[in-house]
Amino acid sequence: MTRSYQDKIPAAHESGSVVQSTGEDLAGEKDNLVSTADLTARLEQANRHLTEIQGALSRAEDRRSEHAAEEERLRTALNHFFFRSETSPLVPWTADGAGNFTDFSDRWLELTGLTREQALGNGWIDASHPDDLPTIVPAWTRSVQSSVPYDVEHRIRVAGGGHRWMRSRAVPQLDGAGKVVRWFGTTEDVHDRKLAEFALRDSETRARSMFEQAAVGVGLVDLDGRFVEVNDQQCLTLGRSREALLKMRMQDVTHPDDLPTNLVHFERLVREGRAFSIEKRYLQPDGSFRWVENHVSLLRDRNGLPQLIQAVVVDITEKKAFQEALELQSHRVRTILDNAESALVLMDSTGRVVTHNAAFLRVSGYQEADVYGRTTHELVHYHYPDGRDFPIEECPIGKALFGLHAVKNHEDTFVRKDGGFFPVVVHMAPVRGDDGTLLGAVLEFRDVTQERSQAAALREGEVSVRRSEARWRFLARLSDALRASHSATEMAQQVCELLATELNLMRSTYTRVDLEQDRAWVQAEFVRGAPSVKGEHRPSAYGSAVWLRSLSGEIVVNRNTATDPSTADHASYDAIGTRAFVHIPLMKDDQLMAFFDAHAGEPRDWTPGELELMKDAAARLWEAVQRSAAEEALREANASLEARVAERTIDLQASNDALQGFTYHVSHDLRSPLRAIVATSRMLQEDHAAALDEEALMLLARQSAAATKMGHLIDDLLRLSRLSRQELQKSRVDLTSLAREAALEAQSMHTGTCVRVEVEVGMETQADPQLLRLALVNLIENAVKYSPQGGTVRVRRRDGDTFFVSDEGIGIQSQYLERIFEPFQRLHRDEEFRGTGIGLANVRQVVERHGGRVWAESQPELGSTFFFTLG
Ligand code: ADP
């Protein structure tokens, strides 16, 4: 039984493990073996004993020679230890310096099922698991050879069958020369711990492989964000190698826009340990980014202090893109929905709202939160319009839905959240699954309140158009009647009759009023089945209130004479059968002149249309009456005027004729005696000059001159007289030639003056040439005569048919410009300028006979211009 344990070493083995440790390390335990804490505590306790003993033994050895008695005590202590050890899981043993077992507790035999003999020496090798021998044998050999502590984990075959894990440790006892005299060892059952360790290792391995092969990225960063570990997927997501990443920080690869939020969470995680999940973007080396979902949690060390941060990273770039596309799509759908005028609701198969548009909320008055989980019937159809509850079983839309029928243009009344009702037009289309079952429905409805009111307004409009058409037709009839009437009374009669027929009146009257005499006459009346009121009345017959109001032009509308306060003081309406009336005053210059009355035999609620019609008819009548009165007055005035004018004209003509005849005769008859006077004076002067003295000769000369002048006067008068009687012989006249002839004549008469006459060429007009010549001679002669200083006389056409003769002579003061055209009006004495004062009167006569006009403009000292037209 002394075979060397080295012989038993198998060729190769991997299962066993060697823990090369110092004596100090023996007291240590693996940190993370929580499941074997109990075991560890006991081991530590044993180790402490062992260390204590070892120390004591060394000390004892040193003093052995001197203290033999001490050795015995120690042995007892050792035995005590062994004794105690019997109950502990530790199996103490000793070996000699060559490594052969020399002693062990009985527990070793119990454990291994070996006999003491078998166990001594190298017997432990037989108890060991063959797979572990290649580890433990060289380890024990090395310790024995090098005197280093031994610490090995290995399996032994236990008595009941199977193997258990053990940890065997030993420390050498050295003599004074440093040679190993003995090994103190323990073998400890660590099977449970070992199994736990294996389990842990397995799970670690699994975790690692999970970590490595995870479809999601996993990364560990330290508290500063520096990457400590990353898996392949994380590298892939970040587009960087592991080496590169381990030199970077989380901050370096996070999109700058996402970093601030990320850091806030990160810091809170470190501070408070609160795990978080965020969506963020990781930057790729090429500047692009990937969206990730980051689930981040804190890893603590065994003291509970934050150690690392673990991030599980799910690449959601595609999901995000899809989501964005989806969002865009749903945004589009939403926009379409929300812009729809109609309320749209998507319901599930029970009629509950799944989704809806903005119009639905707007129309129904509900908030977003009110709607979900409720059926549309509950929301907008819960009451009948009369306020009774409306069970869904009775709802035609609900029935159609569950019967899988569509509803089209269904008119109904829905109710708002606030209980208000509104008319709607509803469409509902059920949505069926492939198997034909009801999946839900689309409900669309439109609030038609406005449409209805518009339709009503339209109808009303049509009615009012018809009404106004009738009114216009009536007024047209009225106008025709008024036009056809010849007197105010006739007009009033027509209006009374037309209105009474149109409005089914009992009586209508037109009454003239004389306020001064306090009288009123019913001039026109149309009456049916009631007494006539035609004739004269006192205004008091109308009642004071009605009378006072009509004085100020106010229309009195009485709907019931028995109850209306305006007729309360007066009962005479009863007598004429009037139960309601409209009293329309007709005013002129704020003064009451007449009124129009409409009477009804029953109380009557006059409509605005009826009142309008009456007011209109009364106004037209009044206007026509006034116009006819004015026309009548005008006609009368005209007739008398014309008569007077005719009378005067005849008188005028007669006196004119008489005057002209007289003038002619006088002029004619005056000429012969005048000639006799002139001839006699000339004879006296010529034949009897010698017999006459100087004074007599001078008197004779004056007489002759006066007689000559008188002759001229008579000539001019005769000419004027002739002019007014002479028939006009109009023809195309060359005014330029006429003016030139007249100029020559004028110049020949006034040879003393140096005046130039300029006549515009090409002047033509329609006139009596003889008369025009006379006028031109007069004007040009005057122009020459009254230009004693010379100058230029111009005969020209101004514009159209206005001609003028201008000079640069003495001019005329403005106050005389009118007078000079009257006969014998002269502004100068004969000594200054000779003349008769008839010339311009002749000119005017000529011009006016042509239907034209003559006038002068002048500035004294600068000259005069005589304008004339010839009609
Ligand atoms: P007379 O024979 O005096 O010229 P008219 O009837 O021709 O009579 O003229 C009336 C008056 O008008 C003249 O006496 C004269 O005072 C004034 N008169 C007429 N023509 C001119 C003129 N071209 N310049 C200034 N005064 C004029």
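Remember, predicted model here, so these are calculated numbers, not experimental data. Atoms within each ligand, like the ligands themselves, are counted from 1 in listed order.
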- Message: Between R797 and T802, is the side chain to side chain donor-acceptor pair (under 3.5 Å) condition met? List the steps.
- Response: CA-CA 6 Å; R797 181 197 289 267; T802 304; over 6 Å; no

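- Using a heavy-atom distance under 4.0 Å as the criterion, the protein contacts of ligand 1 are N782, A783, K785, Y786, D807, I810, G811, I812, I820, Q825, R826, L827, H828, G835, T836, G837, I838, G839, L840, S864, F866.
- Checking side-chain atoms of S858 against main-chain N and O of G863 turns up a donor-acceptor pair under 3.5 Å.
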- Query: Would E525 and S532 count as a side chain to side chain donor-acceptor pair (under 3.5 Å) if you check the C-alpha gap in whole Å, the side-chain angles of each, and the deciding distance to 0.1 Å?
  - Reply: CA-CA 8 Å; E525 179 192 46; S532 167; 2.4 Å; yes

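- Between L728 and R849, the shortest heavy-atom distance links the atoms CD1-O, 3.1 Å.
- Each ring pair (Phe, Tyr, Trp, His ring centres under 6.0 Å) pair with one or both residues in residues 769-819, not counting sequence neighbours, appears once here: Y786-H828, Y786-F833, F803-F868, F804-F867.
- Open room surrounds CD on E694; 12 or fewer heavy atoms of other groups in view lie less than 6.0 Å from it.
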